[in-house]
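Here is the structure we will look at.
Residue numbers start from 1 in every chain, and the chains themselves are labelled A, B, ... in the order their sequence lines are given, proteins ahead of strands. Predicted model only: the values in this text are computed from it and were never measured.
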2 protein chains.
Amino acid sequence: MVEDIVKSLGFLCLGSRFRRIGERLQADTQRIMEEFGVPIQSAQYPFLAAIDRAGPLTTGQLAQAVGITQPGATRIISQLQELGYVDMQTSVEDQRRKLVSLTRKGRELVDYSKRLIWPRIERAVSELCEDLSGPILEQLTAIESELADAPLANRGKLDKGQKS
Amino acid sequence: MVEDIVKSLGFLCLGSRFRRIGERLQADTQRIMEEFGVPIQSAQYPFLAAIDRAGPLTTGQLAQAVGITQPGATRIISQLQELGYVDMQTSVEDQRRKLVSLTRKGRELVDYSKRLIWPRIERAVSELCEDLSGPILEQLTAIESELADAPLANRGKLDKGQKS
DNA sequence: AAGTATTATATAACTTGTTATACAATTTGT
DNA sequence: ACAAATTGTATAACAAGTTATATAATACTT
């Protein structure tokens with residue numbers, strides 16, 4: 001067994017470590033979405049959620065809401081448009097702006113997700129992080145070792161209150 | 001100002017959030033490396049550190065040590081080879097294995113980094129995370145708001161013991 | 001009102017990760 | 001000892017972010 005250098009180096013490699021945990025969580029989330037037959041990428045979800053929560057938003061506002069750069073947002077929006085979940089219309093007052101809104105199909109996906117999928121994901125992740133406390137490095141170690149034991153998809157399957 | 005949806009959704013978007021923090025930290029680290037004129041990418045550093053710490057390693061062992069997949073490791077190793085920091089030789093006992101080791105140039109970069117750069121990065125990151133405690137979501141919020149105030153490159157400039 | 005500066009989106013090229021798969025070398029089973 | 005399975009690395013295609021830059025629309029300045 002080889003030493004986990006990123007873990008050992010601690011603060012020095014914190015960026016790599018955050019990133020690999022993020023990628024792992026996104027991949028595991030994708031797995032859960034596949035179980036439900038959701039036909040989008042996990043990175044696309046926050047865009048639908050943002051519009052659901054705030055109403056139609058421009059490309060720039062979406063980039064800001066999701067916390068990525070504008071070119072990244074532009075690409076994801078055009079994928080979602082391609083898939084028929086959102087449509088765009090040029091703003092009347094300012095023709096540079098494009099307002100992105102949910103189509104009927106997009107609204108249906110969001111409603112379904114809010115009802116069944118998002119609670120499931122949230123349960124899995126909060127189960128993973130529950131009772132975590134203390135210094136950040138220790139929490140990261142705990143998260144990674146939990147994930148090594150069982151992926152997200154094996155967690156949070158039960159509704160609150162249920163027992164195994 | 002638009003709501004930060006990834007932050008608001010909490011556990012539901014934890015993967016995206018980890019990833020964006022990791023990317024931010026890697027980018028900021030890169031900035032510090034540029035100040036020192038280090039001619040590599042921040043993602044390549046852990047490979048050099050791993051070999052420095054454990055001696056020559058195979059491609060697979062490096063992938064494991066750094067915590068990424070083997071194809072990713074293969075690419076980074078060949079970049080480092082291209083740049084002249086490592087070289088590879090086929091193992092004698094098992095000709096499938098390639099042992100990666102530091103060249104003289106690689107060793108010089110590692111020695112210089114250990115002396116000047118890594119401590120600098122470590123100070124910056126630990127200053128960023130110091131005194132953090134409590135639930136993971138709160139720590140992430142604190143980290144992101146700290147980074148919004150001042151990038152890593154503006155932190156940890158002083159040696160331990162010094163006062164501003 | 002015209003010319004310049006700014007803003008919003010789009011596009012191109014790159015980075016760093018991924019999965020799936022091919023291929024060669026070694027190991028295992030009969 | 002040979003065939004089949006396994007292992008280690010490489011390659012291809014993709015995902016999701018980045019920076020730098022182009023283009024069109026709007027806003028400012030004089």
Side-chain angles (χ1 to χ4, degrees), chain A residues 2 6 13 15-31 33-34 40-47 57-64 66-83 88-100, chain B residues 2 6 13 15-31 33-34 40-47 57-83 88-100 151:
Chain A
V2 183
V6 170
C13 291
S16 297
R17 197 166 184 197
F18 262 97
R19 204 177 158 165
R20 82 182 185 190
I21 294 174
E23 264 151 12
R24 172 68 196 266
L25 287 174
Q26 280 189 327
D28 278 16
T29 300
Q30 190 71 45
R31 213 58 36 80
M33 288 163 64
E34 278 159 15
I40 62 169
Q41 301 293 326
S42 57
Q44 298 170 338
Y45 244 155
F47 286 77
L57 293 170
T58 67
T59 301
Q61 288 173 324
L62 276 169
Q64 225 189 309
V66 174
I68 66 171
T69 57
Q70 169 263 312
T74 296
R75 178 152 37 82
I76 291 189
I77 291 165
S78 56
Q79 289 166 349
L80 286 171
Q81 188 182 23
E82 199 79 18
L83 294 166
M88 287 163 73
Q89 59 195 87
T90 319
S91 156
V92 230
E93 324 87 76
D94 184 343
Q95 299 197 293
R96 290 170 303 182
R97 300 190 176 196
K98 307 266 181 83
L99 270 172
V100 184
Chain B
V2 184
V6 169
C13 291
S16 298
R17 198 166 184 199
F18 262 97
R19 202 177 158 163
R20 81 182 184 190
I21 295 175
E23 264 150 13
R24 172 69 195 267
L25 288 175
Q26 280 188 328
D28 278 16
T29 300
Q30 190 71 46
R31 214 58 37 81
M33 288 164 63
E34 278 158 15
I40 62 169
Q41 301 293 326
S42 58
Q44 298 169 338
Y45 244 155
F47 286 78
L57 292 170
T58 67
T59 302
Q61 288 173 324
L62 275 169
Q64 227 188 310
V66 175
I68 66 170
T69 57
Q70 168 263 310
T74 295
R75 179 150 38 82
I76 291 190
I77 292 164
S78 55
Q79 289 166 350
L80 286 171
Q81 188 181 23
E82 201 79 19
L83 294 166
M88 287 163 72
Q89 59 194 88
T90 319
S91 157
V92 229
E93 324 86 76
D94 183 342
Q95 300 195 295
R96 289 170 304 183
R97 300 191 176 193
K98 306 266 179 85
L99 270 173
V100 183

Between [atom1] on residue [X] and [atom2] on residue [Y], distance to nearest 0.5 Å:
X      : Y      : atom1 : atom2 : answer
L83(B) : I40(B) : CG    : CD1   : 8.5 Å
Q26(A) : Q41(A) : CD    : CD    : 9.5 Å
L99(A) : L62(A) : CG    : CG    : 9.5 Å
I68(A) : R75(A) : CD1   : CZ    : 8.0 Å
Q79(B) : I76(B) : CD    : CD1   : 6.0 Å
R20(B) : T69(A) : CZ    : OG1   : 12.5 Å

Output a table of nitrogen or oxygen pairs between the protein and nucleotides 11-14 of chain D separated by less than 3.5 Å.
none

Interatomic distance where [atom1] belongs to [X] and [atom2] belongs to [N] [whole Å]:
X      : N       : atom1 : atom2 : value
Q64(A) : dA8(C)  : CD    : C1'   : 13 Å
F18(A) : dG17(C) : CZ    : P     : 16 Å
R17(B) : dG17(D) : CZ    : P     : 15 Å
Q26(B) : dT19(D) : CD    : C1'   : 15 Å
K98(A) : dA25(D) : NZ    : P     : 10 Å
D28(A) : dT19(C) : CG    : P     : 10 Å
R24(A) : dT18(C) : CZ    : P     : 11 Å
Q79(B) : dT9(D)  : CD    : P     : 17 Å

Inset, instruction - Using a heavy-atom cut-off of under 4.0 Å over every strand shown, decide if R19(A) touches base, sugar-phosphate, or nothing. - result: base

Inset, instruction - Select base, sugar-phosphate, or nothing to describe what Q44(B) touches, counting heavy atoms under 4.0 Å on all strands. - result: nothing

Legend entry - Check: E82(A)/S78(A) side-chain N/O donor and acceptor closer than 3.5 Å: no

Legend entry - DNA chain D: 5'-proximal contact among T59(B) and A73(A) (nearest heavy atom): T59(B)

Legend entry - 5' priority, DNA chain D, between V92(A) and Q30(A) [closest heavy atom]: Q30(A)

Between the protein and nucleotides 1-3 of chain D, which nitrogen or oxygen pairs are less than 3.5 angstrom apart?
none

Legend entry - Residue mapping more 5' on DNA chain C - nearest nucleotide basis, D94(A) or E23(A): D94(A)

Legend entry - Given DNA chain C, 5'-ward residue of the pair S16(A) and Q95(B), judged by closest heavy atom: S16(A)

Legend entry - Short side-chain N/O contact from T58(A) to OP1 or OP2 of dA8(C), under 4.0 Å: no

Inset, instruction - Please check the phosphate of dT16(C) (OP1 and OP2 only) for any side-chain N or O of Q41(B) closer than 4.0 Å. - result: yes

Inset, instruction - Report yes if a donor N or O on one partner sits less than 3.5 Å from an acceptor N or O on the other, where the partners are the side chain of R96(B) and the base of dT9(D); otherwise report no. - result: no

